[in-house]
Colleague: 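Here you go, one structure.
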Amino acid sequence: MAHTLTKNNPLISTLKKKIKGDVLTDEYSLGMYSTDASIYQITPIAIVLPNDEGDVRMAIELARKHAVTILPRGGGTSLAGQTVGKSIILDFSKYMNQTLEINEEERWVRVQPGKVRDVLNDELAPLGLHFAVDPATSSRANVGGMTGNNSSGTKSILYGKTVDHILEAKVLLVDGTELQLTQLSPEEYAKKTQQNNREGEIYREFQEIIDRNKVLIEEKFPKVMRRVGGYNLDEFIYTDQWNLAKLITGSEGTLATTLELKINLEPLPQYKSVCVIHFSDLLEAIGSVTPILQYNPSAVEILDKIVVDLSRENLTTKRHCHFITGNPAAILIVEFYGITLEDVMERPMNMIKELQEKGLGYAYPLFPQGEAYEDVWLVRKKGLGLMLGIKGNKKPLPFIEDAAIPTDKLKEYIDRTLQICKKHGADVSMYAHVSVGVIHVRPILDLRQAEDIERLKNIAEDTFNLVLEYGGSWSGEHGDGLVRSAFNERFFGKEIYRAFVQVKQLFDPENLMNPGKIVEAQTIEHNLRYGTAYADQPVNASFHYRSEQSFEESVHMCTGVGECRKLIGGTMCPSFKATRDEEHSTRGRANALRLAMSGQLNGNGLTSERLQETLALCLSCKACKSECPSNVDMAKMKSDVMQLYYDQKGPSRRDKMIRDSSKAARMFAGKLAPAINALQASAPFKASLEKMAGFDKKRTLPEYTSQPFYKWFSKNGSNQPKLDKKVVLFADTYLNYHEPEIGKAALKLLNDCGYEVELAHIGCCQRPKISHGFLREAKAQGQATVDKLMGFIDQGLKVVVCEPSCASALNDDFPDLLDSVDIAKKLKENVMLIDVFLATEKEAGNTQIKLKPKGDSMHIHGHCHQKALYGTQSMKQVLSKDDSGTVLEIPSGCCGMAGSFGYEKEHYKISKKIGDEILFPAVKAMDEATSLAANGFSCRHQIEHFTGKKAKHWVELVEVVRE
């Protein structure tokens, strides 16, 4: 962080004055942008999030004036280090992300560089079109970044690379020259060369470079389709229709800054299918590719045993792994596109028949497009992050993974690569695009160890020579960046490398555009994120982090792949979706924790005030624990950091009120409730509460009940007839002291399903304390609750919970606070949500009941913890088949309330913005006859506050089907 510029620096002060967008220069922000998904770390000079093209021009003009370099960046998911550098970073993802024009008839779209690929395709889907390039990071990859990297992905056998779809690019050179690059005929190109200006100079000299090197370009460029190394000079020797937009593609931001892109669109496939071929031997799987390709698949992807096993363990993907049979050493995912259903089923069936005749593979499940098809591809898309999230100091690293080899030589190449890794003492994992000869082989190393850095260099050297021997490409899709650029001169030869340098000098004579990539690069071992000097400071954590191995390792599980930056689908990360700020993504927070923990920021480490700001918008939704491929549990780490902060600085008045909320509920429910409720609803009280504790006066605190549920139960619940089966209902704070009608409905539902109910009125689950960092108090006070729970569990009884956040406290958080591993295990296995319990009992054959919604139809909004840890499918699985179709789950993320978060004055607006994304419009569009199920106490209050719709708990809205 030594080169961080002060706010009084002329460059920084002028940027902040002139730029309409955001300018970030503090050490935390710079630290968050110092890494991507690669093994590198370089602290930038400043971050500019331009509001428009005027901001881009101003930033580049000032950078040139002060001789500071420029680095254009989108989602920051580079695996080769293209998007890190000692530069002013231009992040286009927040503001310059618009679709500018769609031409349905001619099948093209014009976008700004910050447009996310999946968001674009979501807009195009109603037209039956899509941007067909399909990288694994498509949920957050910016089109500008895909262009800079020349991305491809799973469907490249069918659709090729980004360069095959670029039609035009509007770019800005560092000297202020704007170029509109498009396809030109020889006559049009010749006319450009005659211009007496900067544009004419570029067209003339570029033509001379190609003419001088045409024979060598044809000879030296690899003949595999997946080749993205160097500059795309080979795009100009097989055609006379030249388009310099294809040169910008794959240039990694080293030539110009892209302002707009016009890209080709393809029709959406009419029918799809996928076959998952299981193999007992990895090399047998790779050797089967050649016969498979004869059936014209749209993709052939390989996952090895490590990735398959991780997929079966991951909280999100394990629910989708039903298609995996036995214990395969590898699986091939073979996809087919076609114009008829018969076509996409007949071709794979013929393929399966041939493979069986040749004795290749042992299982071949085949799925047409539908839920199972989507499950297969979800597991494949998560593969990279799962692999990178392997626990321990040694990680699967991206440095030799990008080689593209002719498919007929792929089996032999992989065999020899595995031998190289074994020779150097490194285990490996692998996955990816076997259809085009790109298998991402990841040696597993710890770059904090000098001997592993030597292994890194030696494995890279040996593998590089192997790629040359087989006529492959050293950069198949992930690009050159910091990891492979230093090999370019040896790979392409001195003459072609000299041409690369000339191209760079032609476009960027002052070497200000992302220097050190493609040409004049560092060698592989420099600027490592984890080097021999890296060391974590000891952390006095309250959680045990048993599954993660330690607090420190929990932080290091974030690999930078950026799944938390996705904008559609899932719940992660609510605050990033609302703000588009890197700081408010799970990745940004994890980077801040790592840098603070290792002493790379200010001297306050994990108790820094600035770190608290970084964590403030984490809603502790737990979505990252399941949706992040590496299962980064930011909610848990945030709680631990808050505890460390309280130890040094002490909690605020508001923190204490939240901590003691369950105590207040016990005090105020009952006879005092009417008076307390009236007081809380009064304007003077809300105004004083805002001033005193920072709770927004627009909110009204939840009402207390005049008759707590446990008191009602003692009079009414214990007189039920003795039934065959028994279950324990946990009396959480919310149903006990705020909404006893939920407890009554749960009791009736369980009785009607054949269960005698015992009430566990045994204390708070400690959710408020856990979520707000009072971990030692939670552990001490929650021990009594756990001891009483164990009294039920040791009798062989299951404990059911209605409130998802209470269930997660008892069977996810609290077990990791407990010292007893045995008790922790029993809590995890025996405390569950009520819908999960009923679905489990039904599946086990312990009950034959069928449920139906009480009304004509029901919509469901899932609580964040419910979606992250348990899923919402149980609420639908227990319904009869006739009634399941009347239930619709709103595809919403977080509601925005998140316990006390939405009540806090500084978070009120963002709380609304999060709900406005999907949930509130969906609720407002519901008809009056449709009921709304929301199991979260906070969710119900948030929905009513902003929509006026009163949601209810699922148990209140279903009933047993009477035969």
Colleague: Keeping the roles fixed (side chain from K826, backbone from V831), state whether a donor-acceptor pair exists under 3.5 Å.
Modeller: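 Not at all, since once roles are kept as given, no pair shorter than 3.5 Å links the two residues.
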Colleague: Checking K725 against Y755: charged group under 6.0 Å from the ring centre and within 45 degrees of the axis?
Modeller: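 Ring-cation test returns yes.
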Colleague: Kindly indicate whether the side chain of L851, heavy atoms from C-beta on, has any atom under 4.5 Å from the side chain of W954.
Modeller: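 Result yes, sub-4.5 Å side-chain heavy-atom pair found.
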Colleague: Could R940 and E739 be called an ion pair, given the rule that one side-chain N must be under 4.0 Å from one carboxylate O?
Modeller: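 A salt bridge links R940 with E739.
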Colleague: Using the ring pair (Phe, Tyr, Trp, His ring centres under 6.0 Å) criterion, which residues pair with H584? Sequence neighbours excluded.
Modeller: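 Scan of H584 (ring pair (Phe, Tyr, Trp, His ring centres under 6.0 Å), adjacent residues dropped) gives none.
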Colleague: Is it true that R767 and D813 have a side-chain N and a carboxylate O under 4.0 angstrom from each other?
Modeller: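 Counted as a salt bridge, because a side-chain N and a carboxylate O are separated by less than 4.0 Å.
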Colleague: Between E803 and S805, is there a side-chain donor-acceptor contact under 3.5 Å, judged purely by atom types and distance?
Modeller: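 Present: a donor and an acceptor within the cut-off.
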Colleague: Please evaluate residues F901 and H772 with respect to the criterion ring-ring contact (aromatic ring centres under 6.0 Å, His included), reporting the C-alpha separation (whole Å), side-chain torsions for both, the decisive distance (0.1 Å), and the verdict.
Modeller: CA-CA 10 Å; F901 180 87; H772 288 271; 9.8 Å; no
Colleague: Between CG of L827 and CG of L818, what distance do you get to the nearest 0.5 Å?
Modeller: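 Going from CG on L827 over to CG on L818, the span is 6.0 Å.
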Colleague: Okay, side chain of S626, backbone of A868: is any donor-acceptor separation there less than 3.5 Å?
Modeller: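 Checked: pair present.
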Colleague: Rounded at 0.5 Å granularity, tell me how far NZ in K622 sits from CD in E627.
Modeller: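 Answer for the NZ-CD pair, K622 versus E627, is 13.5 Å.
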Colleague: Quick check: do V276 and V376 have side-chain heavy atoms less than 4.5 Å from each other?
Modeller: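 When only atoms from C-beta onward are counted, V376 and V276 do touch, with a gap below 4.5 Å.
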Colleague: Evaluate the side-chain proximity of M926 to H859: yes if any heavy-atom separation is below 4.5 Å, no if none is.
Modeller: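 Yes - at least one pair of side-chain heavy atoms lies under 4.5 Å apart.
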Colleague: Quickly, which of C628, S630, C624, S575 forms a side chain to side chain contact (heavy atoms under 4.5 Å, CB included) with T586? Name it, please.
Modeller: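 Only one of C628, S630, C624, S575 forms a side chain to side chain contact (heavy atoms under 4.5 Å, CB included) with T586, namely C624.
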Colleague: Without swapping roles, check the side chain of K867 against the backbone of G862 for a donor-acceptor pair under 3.5 Å.
Modeller: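 Yes, the answer is positive, given that a donor and an acceptor are paired below the 3.5 Å cut-off.
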Colleague: Distance-only, no hydrogens or angles: does the Q942 side chain make a donor-acceptor pair with backbone N or O of C939 under 3.5 Å?
Modeller: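 Not at all, since once roles are kept as given, no pair shorter than 3.5 Å links the two residues.
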Colleague: Could you tell me whether Y704 and Y737 have their ring centroids closer than 6.0 angstrom?
Modeller: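 Between Y737 and Y704, which both carry aromatic rings, the centre distance is not below 6.0 Å.
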Colleague: Is any side-chain heavy atom of F730 less than 4.5 Å from a side-chain heavy atom of L810?
Modeller: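 Sidechains of L810 and F730: in contact.
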Colleague: Keeping T317 on the side-chain end and E313 on the backbone end, is there a donor-acceptor pair under 3.5 Å?
Modeller: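 No: the side chain of T317 does not pair with the backbone of E313.
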Colleague: Do S911 and R699 pair up side chain to side chain, a donor and an acceptor below 3.5 Å, judged on atom types alone?
Modeller: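 Present: a donor and an acceptor within the cut-off.
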Colleague: Between the side chains of D812 and K625, is the shortest nitrogen-to-carboxylate-oxygen separation below 4.0 Å, so that they form an ion pair?
Modeller: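 Yes, charged N to carboxylate O under 4.0 Å.
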Colleague: I want to know whether F920 and F946 have ring centres closer than 6.0 Å.
Modeller: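 Judged by ring-centre distance (under 6.0 Å), F920 and F946 do meet the cut-off.
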Colleague: I want to check something: taking the side chain as every heavy atom from C-beta on, are V728 and K798 in contact at a cut-off of under 4.5 Å?
Modeller: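 No, side chains not in contact.
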Colleague: If only side-chain N and O atoms count, and only distance matters, is there a donor-acceptor pair under 3.5 Å linking D118 with S138?
Modeller: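 A pair is found: one side chain offers a donor N or O, the other an acceptor, under 3.5 Å apart.
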Colleague: I need the E374 CD to H320 NE2 distance, nearest 0.5 Å.
Modeller: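 Atom-to-atom, E374:CD and H320:NE2 are 10.5 Å apart.
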Colleague: Quick one: does D375's side chain have a donor or acceptor within less than 3.5 Å of a partner on H322's backbone?
Modeller: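 Such a contact is absent between D375 side chain and H322 backbone.
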Colleague: Give a yes-or-no answer on whether the side chains of S900 and E904 include a donor-acceptor pair shorter than 3.5 Å.
Modeller: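 E904 and S900 do have a side-chain donor-acceptor pair below 3.5 Å.
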Colleague: Keeping S808 on the side-chain end and H865 on the backbone end, is there a donor-acceptor pair under 3.5 Å?
Modeller: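 Side chain of S808 to backbone of H865: no pair is present.
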Colleague: Could you tell me whether the side chains of K769 and Q781 share a donor-acceptor contact shorter than 3.5 Å?
Modeller: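 A pair is found: one side chain offers a donor N or O, the other an acceptor, under 3.5 Å apart.
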Colleague: Does K636 make a cation-pi contact with Y545 (under 6.0 Å, within 45 degrees of the axis)?
Modeller: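 Yes, K636 sits over the ring of Y545.
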Colleague: Can you check whether V801 reaches F837 side chain to side chain, under 4.5 Å on heavy atoms?
Modeller: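 A side-chain contact under 4.5 Å is absent here.
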Colleague: So, N935 side chain and H953 main chain: donor-acceptor pair closer than 3.5 Å or not?
Modeller: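 Between the backbone of H953 and the side chain of N935 there is no qualifying donor-acceptor contact (under 3.5 Å).
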Colleague: Please check this pair: side chain of K566 against backbone of R140, looking for a donor-acceptor N/O pair closer than 3.5 Å.
Modeller: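 Not at all, since once roles are kept as given, no pair shorter than 3.5 Å links the two residues.
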Colleague: May I ask you to test the E758-L729 pair for a side-chain heavy-atom distance under 4.5 Å?
Modeller: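 Not touching, per the 4.5 Å side-chain cut-off.
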Colleague: Go through it in stages, so that I can follow the logic: the residues are T872 and E889, the test is side chain to side chain donor-acceptor pair (under 3.5 Å), and I'd like the CA-CA distance, side-chain angles, deciding distance and then a yes or no.
Modeller: CA-CA 9 Å; T872 55; E889 183 170 358; 2.7 Å; yes
Colleague: Check the side chains of N736 and T733 for a donor-acceptor pair under 3.5 angstrom, ignoring hydrogens and angles.
Modeller: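 Short answer, no.
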Colleague: Output every pair passing ring pair (Phe, Tyr, Trp, His ring centres under 6.0 Å) with a member in residues 781-800, not counting sequence neighbours, ordered by first then second residue.
Modeller: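 Passing the test, one end in residues 781-800: no pairs.
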Colleague: Examine R659 relative to F774 and say whether NZ or CZ is less than 6.0 Å from the centre of the six-membered ring and inside a 45° cone about the ring axis.
Modeller: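 That pair qualifies as a cation-pi contact.
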Colleague: State, to 0.1 Å, how close R546 and P815 come at their nearest heavy-atom pair, and which atoms those are.
Modeller: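 Looking at all heavy atoms of both residues, the shortest contact is NH1-O, 2.9 Å.
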Colleague: Check whether S771 reaches the backbone of P768 with its side chain - one donor and one acceptor, N or O, closer than 3.5 Å.
Modeller: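 Checked: no pair found.
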Colleague: I'd like to check Q766 versus Q783 (side-chain heavy atoms, cut-off strictly below 4.5 Å). Are they in contact?
Modeller: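 No, their side chains stay 4.5 Å or more apart.
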Colleague: Could you walk me through whether S857 and T930 satisfy the side chain to side chain donor-acceptor pair (under 3.5 Å) test, starting with their C-alpha distance in whole Å, then the side-chain angles of each, then the deciding distance to 0.1 Å, before giving a yes or no?
Modeller: CA-CA 5 Å; S857 61; T930 300; 2.9 Å; yes
